[in-house]
A.B. asks: 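Below: one structure in structure tokens.
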Amino acid sequence: MSNLFVRKATGLVRSWSVMDAFIYAFFSINLITLGLYSFSQMYYFEGGMVNALIISAIFIFFEVIVYAGLIAVMPRSGGDYVWQSRILGGAVGFILAVTGWWFILWLWVPLYGDMFRHIVVVPLLGILGAKDVALWFAGTQNGAFTASLITLAIVSIFIALGMKTYARIQKFSFYGGVLGLLIVIVLLLTGSNAAFKAGLDANAVSMFGTQPGVYDATVALGIDAGAITPFSGGALLAVFLVLPYMVFFNLWPNWGATLYGEVRGATDFKRNVAGMGWALGITTLLGILLLYAISKTIGWDFYVQAGAAWWNYAWGYVTEVPALPVWPYPALLAAFLTTNKVLQFIVVVLMSLWWFGWSGTVFLSSTRVIFAAAFDRLLPEKVAEVNERTGTPVNALLLMVIPSVFIAYMFNYNVANFQSLTLASTLVIAVTFLGTTIAAIILPYRKPALYKASPIAKYNVFGIPLITVAGVIFGGFLVFLLYQWIFDPNGLYGIGITNTSSIIYMLSMYVLAAVIYFGFKSYRKRAGIDMDKVQAEIPVE
Amino acid sequence: MTKLFFATDIHGSDICWSKFLNAGKFYGADVLLLGGDMTGKAVVPVIHQGGKNYRVTLLEQVFDISNDDELQDMIKRVRSRGYYPYLTDPDEIAELEKSPEKVSQIFSHEVLKVIQQWMDLADKKLDSSDMKVYCCPGNDDMAEVDELVRSSRRVILAEGQVTPLDGVHEMIASGWSNRTPWDTHREEDEDQLRVRYEAMISKLKDPRNAVFNIHVPPYKSSLDEAPELDKDLRPKMAGQALKPVGSIAVRKVIEETQPLLGLHGHIHEGRGASRIGKTLCINPGSMYEQGTLLGAIVVLGKNKIENYVLTTG
């Protein structure tokens, strides 16, 4: 629309910067935290890691189109909760939104905590010479639980600081983190395997008090643990079987998409696709480059074997502490290529920014969903209260923090086999995304007037709306993932029907959400509020 | 007890106006209140290409129209987003590009034409009803809108008035806002806003049982969180960075007077409810461009809010 015919009115803003959208999405599919954490766990697959990275990114690009399309048709509406509520009904919208954007985030807290200790705490303590404390954090349940509690404190502070401040922290972290990654990649590309072996042996002894011969001992442990995942290649089916693990890392370019602001035209739709799409593409390329650099100097086999050795111990398959008694963090391994302690410290500090610029997202989305549910009177008004002095949503925060402490305890002390639930964190959100994807597929047919008057009305593929086509492809991908996770015919993921704890945990969340929804609906009805009517469309005529 | 329905910021949407008029019956409300910003933000030229052919650019997509049905469908589509379709030809477009001041005349004409249609529709629809309907134009609405609302038989202009809602509750109303980056029709400095509000508050019989229907939300109420903008009015951090932009004067008069209820709008993203002391403040938000009427139902009791809920209609 020509600006000539647009008058001055409140809220008429210019388009947001694609770069800003890119940064948020780039951090949501965080190569260093989510990526390296999951890559190290994926040691027992026959499909190539790089192939899986590329194929998953192709499917997830259709997720980008689905979410950018929904934002274009229903902008600033609150995301999955509102999209599903309006297209699929209030009960579906509430249950899938609170499970995917709130309850399951409790399980993410110990995972964030685990990454915090491996990426931030242990390497820094090691470099600073605090060997015993580093090993306590790295190898004990108390250390892991403490890392979860510190994580909770840090993200609570981020919430208290507010989104405006956190967005600045995130931008700073982006530039610092990327600088750190570039240094790591340069170190790896300019180093040699011999130099790495020597550096590993020397630094592991001095920092963590290991016995000499760490490299060879790790190789042996990795082989015993069944480390086989190739760098690339593998049969197509074998590669596809890697995807349900890979998406723990890269299913999230849409994480901040619901706040991308007013969409005035097709250009803004393309900007949304560009922001999220470039983040997905560049992260994938960076991932391939980093894995290549690791392969060149650390050695691919050693990298996979080191991951296998660590997780075989961490998951309790063996009780003996591995030769390298800390998680094989590639940035730390790259820092071993230099003897300069200051440079080692700078590299690890800069790489820590990947965690700090990302961790705040764990609660920010949850508090939004809690607020939206409270405003819809599906939770007590009290939960949406904000402390007048600090601006902190204290009660919403407590609804995140208290269950998270409990779940972090269960996870870190492996009560009821909770450490096996890592991928359940992804499954539950994938179910929420599937609900949204189904809403997107049927949107042009369920809400034709709304769709036709939207900025994506002219985007068709062989006469079928693009959002529907993208939805079918991404929805099919999600169904494949859910089938593999739940039925797990090859026994690869460990969270399906054979894992009672996992099934009970996930089902209990859906039951809790349903109890809250129908309980509050009934309670409000007795008080004179018909929730069905509150959500129903008023007749126009 | 009085049950009121409040909606706001419908920005020229015919669908939202029709829904607003039907909301009383739909929700069983006694009183309908429409907050400010009734008028739309853009004119969409429908450019004649000869014969029955027209070309329209809506949301940066070009549509070619070749018959009357398609033309009517497109006009409806444009109106559904709160924009104003304007039938024109390439010569006039070229002329308007040379003299943009003429565009604002077209704008005023189209805006006022639609407001007149809305008042006519209200008079017709509510003719046999005893529903009370109040409108209070907002900072985006030009002054001429008030005259058209005044001329309605069924819609009452509430701006600057103390209006009795029932035997217990009175309402003050104002669509004026604090300064915005857009220099809109009704905005002024905070001290002037305060004078404006206090002039009405001083006339209230029972301020504690009053309703403050003030378009701009109170500062730092969480109902006033809007994307932070840079100097070029571009959202910072892809819209993730939010900041409070409400009125300090509104907050002060609510803190001091402690009315029963504050009804606000202005910030479309600010949907929610919050308390300032004992006062319940609500901003139902706005999704006018989707034809969805966001609103709030509030049941007023003596000295308390009996119940409330935000609606998505």
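To find a chain, count down the sequence lines: A is the first, B the second, and so on, and within it residues start at 1.
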A.B. asks: Chain A heavy atoms under 4.5 Å from B:Ser274: which part of the residue, side chain, backbone, both or neither?
C.D. replies: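 It is neither, since no heavy atom gets under 4.5 Å.
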A.B. asks: Between A:Arg524 and chain B, which part of the residue has a heavy atom less than 4.5 Å away: side chain, backbone, both or neither?
C.D. replies: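 Contact with chain B involves no heavy atom of A:Arg524 at all.
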A.B. asks: Under a 4.5 Å heavy-atom cut-off, does chain A meet the side chain of B:Phe20, its backbone, both or neither?
C.D. replies: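 No part of it gets close to chain A.
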A.B. asks: Tell me, out of B:Glu187, B:Lys76, B:His266, who's got the most heavy-atom pairs with chain A below 4.5 Å.
C.D. replies: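 Most heavy-atom pairs within the cutoff with chain A belong to B:His266.
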A.B. asks: Could you have a look at A:Met531, A:Arg168, A:Lys447, A:Glu385 and say which one has the most heavy-atom pairs with chain B under 4.5 angstrom?
C.D. replies: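 The residue among A:Met531, A:Arg168, A:Lys447, A:Glu385 with the greatest pair count is A:Arg168.
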A.B. asks: Of all heavy-atom pairs between A:Tyr451 and A:Tyr459, which one has the smallest distance, and what is that distance?
C.D. replies: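 Scanning both residues completely, I find the closest heavy atoms to be OH-O, 3.9 Å.
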A.B. asks: Of the listed residues (A:Ala372, A:Ala167, A:Ala449), which shares the most heavy-atom pairs with chain B below a 4.5 Å separation?
C.D. replies: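 Highest number of heavy-atom pairs under 4.5 Å: A:Ala167.
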A.B. asks: Given B:His11, which partner from the list B:Glu289, B:His268, B:Lys41 fulfils the side-chain hydrogen bond (donor to acceptor under 3.5 Å, both in side chains) test?
C.D. replies: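 That would be B:His268; it is the only one of B:Glu289, B:His268, B:Lys41 passing the side-chain hydrogen bond (donor to acceptor under 3.5 Å, both in side chains) with B:His11.
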A.B. asks: Where does B:Ser104 contact chain A at under 4.5 Å (heavy atoms): side chain, backbone, both or neither?
C.D. replies: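 For B:Ser104, neither part sits under 4.5 Å from chain A.
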A.B. asks: More than 12 foreign heavy atoms under 6.0 Å from NZ of B:Lys220: is that the case here?
C.D. replies: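 Count not over threshold, so no.
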A.B. asks: Looking at B:Gly40, B:Ser221, B:Ala226, which one has more heavy-atom pairs under 4.5 Å with chain A than the rest?
C.D. replies: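 Most heavy-atom pairs within the cutoff with chain A belong to B:Gly40.
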A.B. asks: Need one label for A:Ile23: side chain, backbone, both or neither, based on atoms under 4.5 Å from any heavy atom in chain B.
C.D. replies: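 The answer is neither part of A:Ile23.
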A.B. asks: Looking at A:Ala374, A:Ala457, A:Pro393, A:Gly528, which one has more heavy-atom pairs under 4.5 Å with chain B than the rest?
C.D. replies: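 The option with the most such pairs is A:Ala457.
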A.B. asks: Please classify the contact of A:Lys171 with chain B as side chain, backbone, both or neither, using a heavy-atom distance under 4.5 Å.
C.D. replies: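 Side chain only.
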A.B. asks: Report yes or no: is the cationic atom of B:Lys3 (NZ for Lys, CZ for Arg) closer than 6.0 Å to the six-membered ring centre of B:Tyr27, at no more than 45° off its axis?
C.D. replies: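 Judged by the rule, B:Lys3 and B:Tyr27 form no cation-pi pair.
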A.B. asks: Can you find a heavy atom in the side chain of A:Tyr81 that is under 4.5 Å from one in the side chain of A:Trp101?
C.D. replies: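 No, too far: nothing below the 4.5 Å cut-off.
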A.B. asks: Select one option (side chain, backbone, both, neither) describing which atoms of B:Val62 are under 4.5 Å from chain A's heavy atoms.
C.D. replies: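 Only the backbone of B:Val62 comes within 4.5 Å of chain A.
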A.B. asks: Does B:Arg55 have more than 12 heavy atoms from other residues, nucleotides or ligands lying within 6.0 Å of its CZ?
C.D. replies: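 Open: at most 12 neighbouring heavy atoms sit under 6.0 Å from CZ of B:Arg55.
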A.B. asks: Heavy-atom distance under 4.5 Å to chain B: side chain of A:Ala536, backbone, both or neither?
C.D. replies: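 Contact with chain B: backbone and side chain both.
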A.B. asks: Do A:Met74 and A:Ile87 come close enough that some side-chain heavy atom pair is under 4.5 Å?
C.D. replies: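 Yes - at least one pair of side-chain heavy atoms lies under 4.5 Å apart.
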A.B. asks: Does a donor on one side chain sit under 3.5 Å from an acceptor on the other, for B:Thr184 and B:Asn139?
C.D. replies: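 A pair is found: one side chain offers a donor N or O, the other an acceptor, under 3.5 Å apart.
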A.B. asks: Pick one of side chain, backbone, both or neither for A:Glu541, based on which atoms fall under 4.5 Å of a heavy atom in chain B.
C.D. replies: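 A:Glu541 touches chain B through backbone heavy atoms alone.
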A.B. asks: Heavy-atom distance under 4.5 Å to chain A: side chain of B:Lys125, backbone, both or neither?
C.D. replies: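 Side chain only.
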A.B. asks: Determine whether A:Phe520 and A:Asp376 make a side-chain contact, defined as any pair of heavy atoms from C-beta on separated by less than 4.5 Å.
C.D. replies: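 No, too far: nothing below the 4.5 Å cut-off.
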A.B. asks: Is it the backbone or the side chain of B:Tyr86 that comes under 4.5 Å from a heavy atom of chain A, or both, or neither?
C.D. replies: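 Contact with chain A: none, neither part.
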A.B. asks: Less than 4.5 Å apart, any side-chain heavy atom of B:Val56 and any of B:Ile65?
C.D. replies: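 Yes - at least one pair of side-chain heavy atoms lies under 4.5 Å apart.
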A.B. asks: Compare all side-chain heavy atoms of B:Glu60 with those of A:Asp268 and state whether any distance is below 4.5 angstrom.
C.D. replies: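 Side chain of B:Glu60 against side chain of A:Asp268, heavy atoms only: no contact under 4.5 Å found.
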A.B. asks: Need one label for A:Glu537: side chain, backbone, both or neither, based on atoms under 4.5 Å from any heavy atom in chain B.
C.D. replies: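 Its backbone and side chain both get close to chain B.
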A.B. asks: Which answer fits B:Leu121, side chain, backbone, both or neither, if we ask what part of it has an atom under 4.5 Å from a heavy atom of chain A?
C.D. replies: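 Neither part, no heavy atoms under 4.5 Å.
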